[in-house]
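Data first, discussion second: the structure below is written as structure tokens.
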Protein chains: 2
Amino acid sequence: MSEALPSVPRKRRKSARPGEIVEAAAQSFIEHGYAGTKLDDVARRAGIAKGTIYLYFAAKQDLFEAVIRDTLEPLISGVETMVDSYDGATDILLQMVITKAYENIVKSDARHVMRIIIGEGHKFPELRELYYETSIKHGVALISRVVQRGVDRGEFRPGPATQNPRLIMAPCIMAAIWSMTFDEFAPMDIDSFMAGHLDVMLNGLRA
Amino acid sequence: MSEALPSVPRKRRKSARPGEIVEAAAQSFIEHGYAGTKLDDVARRAGIAKGTIYLYFAAKQDLFEAVIRDTLEPLISGVETMVDSYDGATDILLQMVITKAYENIVKSDARHVMRIIIGEGHKFPELRELYYETSIKHGVALISRVVQRGVDRGEFRPGPATQNPRLIMAPCIMAAIWSMTFDEFAPMDIDSFMAGHLDVMLNGLRA
DNA sequence: TGCATTTATGACCCATCGGTCATTAACGCA
DNA sequence: TGCGTTAATGACCGATGGGTCATAAATGCA
């Protein structure tokens with residue numbers, strides 16, 4: 001009954017494969033989560049057989065690690081570069097950083113990686129740690145630097161928000177979660193939410 | 001080889017079962033997440049056989065729905081009662097509500113239910129909706145009421161935080177997530193975080 | 001006490017999926 | 001053109017776990 005499917009001719013692409021596999025895996029993880037992603041599906045998306053994945057990645061978990069790195073590293077380093085090369089008023093800088101944070105997290109696929117870490121990271125401390133080291137740690141440090149810069153220059157006054165940068169990032173994280181979880185029941189206008197977020201923070205910080 | 005384990009005598013407890021099963025399920029869901037929870041494990045915790053679960057719940061998903069209801073309804077109605085019966089200054093009321101929110105979410109098992117909805121709710125719109133209706137919707141409405149009360153009484157001035165109550169809850173949600181996900185890499189002192197949260201919000205709101 | 005009814009049991013079924021490996025085919029060098 | 005090397009394949013394996021159901025035990029009523 002089963003006609004032998006005309007199997008596609010093989011291609012040997014040792015150097016291009018890893019990137020293609022990670023790209024396919026990212027899509028699948030985003031759509032189905034960690035446990036929900038099938039290696040067969042990743043292979044199909046990458047146009048290869050399942051076994052081929054194992055020529056480049058030892059296990060599913062390694063694949064997800066690669067997705068974390070490939071997705072997050074460019075985003076973080078982009079913001080870091082921006083901060084390093086800026087030398088105007090700090091309130092404008094903070095505004096730029098927060099705007100970028102919404103672009104990088106709330107409006108990008110990176111939020112799905114975060115969702116997976118939150119929801120399924122329980123049993124994978126190594127993945128959680130990698131995510132923390134790759135993303136969260138840098139984000140917190142970045143906000144700290146910006147806020148400290150404002151205080152040092154006399155533009156911001158010390159207070160709870162300068163002491164705990166996580167207070168400043170919180171609305172951004174929540175917006176990302178909301179957009180993935182509750183948007184169909186109570187839609188959130190990201191831009192006006194972000195404007196409110198900025199307003200509250202800057203009013204609390206300005207000297 | 002396998003000695004027949006001395007099977008425990010059966011007990012018929014039609015009315016007590018559902019509660020016991022939900023209780024056991026809650027523990028298992030909290031420890032292992034939705035997909036990670038095995039009905040066999042739930043049964044063992046409840047001291048019954050797996051088949052017995054199906055006398056009271058049609059499927060795993062119904063069990064999780066019962067957990068959502070049992071866990072969240074009492075918490076929300078507790079806060080609602082508190083707000084309804086208070087008649088002092090609104091900043092104190094908001095402080096009470098936020099403090100209760102940390103107790104109910106960040107410091108309680110309810111945060112794990114939230115984590116499951118965020119992380120695994122993707123494929124279960126009914127569960128997401130139930131969570132929204134049972135918990136989030138009431139939480140947002142409650143904050144709105146408190147803030148509106150402050151504005152009406154001239155204690156708060158209108159601004160972004162009065163317009164979007166989600167800005168006020170955000171740090172609490174983030175603290176819950178942080179405590180479950182990143183605490184081992186960067187511990188968070190909940191009480192000082194909450195104090196900072198209150199400080200920022202009240203400063204932004206007071207007329 | 002005997003029997004009908006209801007509740008409880010757990011072996012079993014079957015679909016799923018991560019990971020393996022013997023086989024095959026593409027490649028490039030001589 | 002032939003051959004050794006190595007990338008690629010996909011059938012297969014074994015573990016897992018949600019859900020089923022024939023069987024058995026508890027209960028309570030007559």
Side-chain angles (χ1 to χ4, degrees), chain A residues 1-22 24-25 28-29 31-67 116 120 122-124 126-127, chain B residues 1-22 24-25 27-29 31-67 116 120 123-124 126-127:
Chain A
M1 286 312 149
S2 64
E3 318 272 318
L5 297 176
S7 68
V8 176
R10 301 181 181 183
K11 285 283 184 244
R12 309 177 105 208
R13 333 187 52 230
K14 186 175 168 51
S15 65
R17 288 289 192 230
E20 294 170 358
I21 293 170
V22 171
S28 197
F29 282 129
E31 280 176 35
H32 304 114
Y34 184 79
T37 285
K38 303 160 202 175
L39 279 297
D40 259 326
D41 179 58
V42 173
R44 204 177 320 116
R45 287 175 197 251
I48 59 177
K50 185 168 67 166
T52 305
I53 295 175
Y54 288 86
L55 295 179
Y56 300 97
F57 299 91
K60 194 183 192 183
Q61 187 168 335
D62 298 79
L63 203 44
F64 193 72
E65 285 178 11
V67 169
I116 292 170
E120 304 185 67
H122 213 220
K123 275 156 312 199
F124 302 99
E126 321 80 45
L127 295 181
Chain B
M1 288 308 153
S2 65
E3 319 272 316
L5 297 175
S7 66
V8 175
R10 301 180 180 184
K11 285 284 185 244
R12 310 177 101 209
R13 334 188 49 232
K14 185 175 169 52
S15 63
R17 287 290 192 229
E20 294 171 357
I21 293 170
V22 171
Q27 286 308 313
S28 199
F29 282 129
E31 281 177 34
H32 304 114
Y34 184 80
T37 285
K38 304 160 203 175
L39 278 300
D40 259 326
D41 179 58
V42 173
R44 202 176 322 115
R45 286 174 196 252
I48 58 177
K50 185 167 68 167
T52 306
I53 295 174
Y54 287 88
L55 295 177
Y56 300 97
F57 299 91
K60 195 182 191 183
Q61 185 167 337
D62 299 78
L63 203 44
F64 193 71
E65 284 178 11
V67 170
I116 291 170
E120 304 185 67
K123 276 156 311 200
F124 302 98
E126 323 80 45
L127 294 182

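So you know, we letter chains A, B, ... as the sequences are listed, proteins then strands, and number each from 1.
- Rounded to an integer number of Å, the gap from A:F57 CZ to C:dT20 C1' is 18 Å.
- Scored by the ring pair (Phe, Tyr, Trp, His ring centres under 6.0 Å) test, B:F124 finds B:Y34 as partners (sequence neighbours excluded).
- For B:A24, the side chain to side chain contact (heavy atoms under 4.5 Å, CB included) partners are B:V42, B:R45, B:A46, not counting sequence neighbours.
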task: Any chance you could list the contact pattern along nucleotides 23-30 of chain C? Use B for base contacts, S for sugar-phosphate-only contacts and - for none, protein heavy atoms under 4.0 Å, 5' to 3'.
output: -BSBS---
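- In terms of the side chain to side chain contact (heavy atoms under 4.5 Å, CB included) criterion, residue partners of B:R13 (sequence neighbours excluded) are, by chain and number, B:K11, B:A16, B:R17, B:E20.
- Residues from residues 36-54 of chain B lying near DNA chain C, meaning a heavy-atom separation below 4.0 Å, are B:I48, B:A49, B:G51, B:T52 in numerical order.
- Considering only residues two or more places apart in sequence or on other chains, A:F57 meets the ring pair (Phe, Tyr, Trp, His ring centres under 6.0 Å) condition with none of them.
- Residue pairs that meet the side-chain hydrogen bond (donor to acceptor under 3.5 Å, both in side chains) test with at least one member in residues 55-64 of chain B, sequence neighbours left out, are B:Q61-B:E126.
- With sequence neighbours excluded, the residues that form a salt bridge (Lys or Arg N to Asp or Glu O under 4.0 Å) with A:R44 are A:D41.
- Look at CG on A:L55: it is 14 Å from C1' on D:dT5, rounded to the nearest Å.
- Within the 4.0 Å cut-off from OP1 or OP2 of D:dA26, not a single side-chain nitrogen or oxygen of B:R13 is found.
- Distance check: A:H32 NE2 to A:K38 NZ gives 6.5 Å after rounding to the nearest 0.5 Å.
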